[in-house]
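Right, one structure below, let's go through it.
Whatever order the structure lists ligands and atoms in, that order sets their numbers, starting from 1. Here the structure is a predicted model, which means the values were calculated and not measured.
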Amino acid sequence: MIDKKIRIDPIKNGTSIDHLNPGTALEVMKVLGLHDTGIVTIGMHLESKKFGYKDIIKIENKELTQDEINKITLISPHASISIIKNFNVEKKFEVMLPKVIEGSVKCKNPKCITNIESVETKFHIITKSPLKIQCHHCERHMKKEDISLL
Ligand SMILES: [Zn+2]
């Protein structure tokens, strides 16, 4: 039998995003716009004791902004994030949806003011599982599959 275990090298400084839903690593990469940063390591469909399978992304020399963390949370609500300093985990936390998301999600309603004028989008989280959010401006409800990230 071939040993399919993959070892992902530790990084010296940067951010490790663990417990991503399997198959979401590329989507996360896309919203983070990581194509022009430093070294990025991706592990997809790795075995996870907690969830069966998971994806992992490690990004050297990058710290995530709150906006980026919110986007990851919308894609993969069980992700955990580790800040690595000098090969040590300096801080580790699980992502959590805030009550309000500002500026990360596009409103689905074409008549919404955020799609007509340069008004920042703002959504209230109605339920977390299944995910339902409501536009602050036009009150349109959106489900997870309606969400497109800005
Ligand atoms: Zn709206």
Between atom NZ of Lys122 and atom CD1 of Ile133, what is the distance when rounded to the nearest 0.5 Å?
13.5 Å

Any side-chain heavy atom of Asp18 sitting closer than 4.5 Å to one from Ile57?
no

Run through the side-chain heavy atoms of Ile, Leu, Val, Met, Phe, Trp and Tyr, join any pair under 4.5 Å, and report what else lands in Val119's cluster.
Ile113

Does NZ belonging to Lys128 count more than 12 external heavy atoms closer than 6.0 Å?
yes

Using the test side-chain hydrogen bond (donor to acceptor under 3.5 Å, both in side chains), find all partners of Lys106 that sit at least two apart in sequence or belong to another chain.
Asn115

Sorted by chain and residue number, the side-chain hydrogen bond (donor to acceptor under 3.5 Å, both in side chains) partners of Ser129 (sequence neighbours excluded) come out as none

The Zn ion (ligand 1) neighbourhood, protein N/O/S only, threshold under 2.8 Å
Cys107 SG, Cys112 SG, Cys135 SG, Cys138 SG

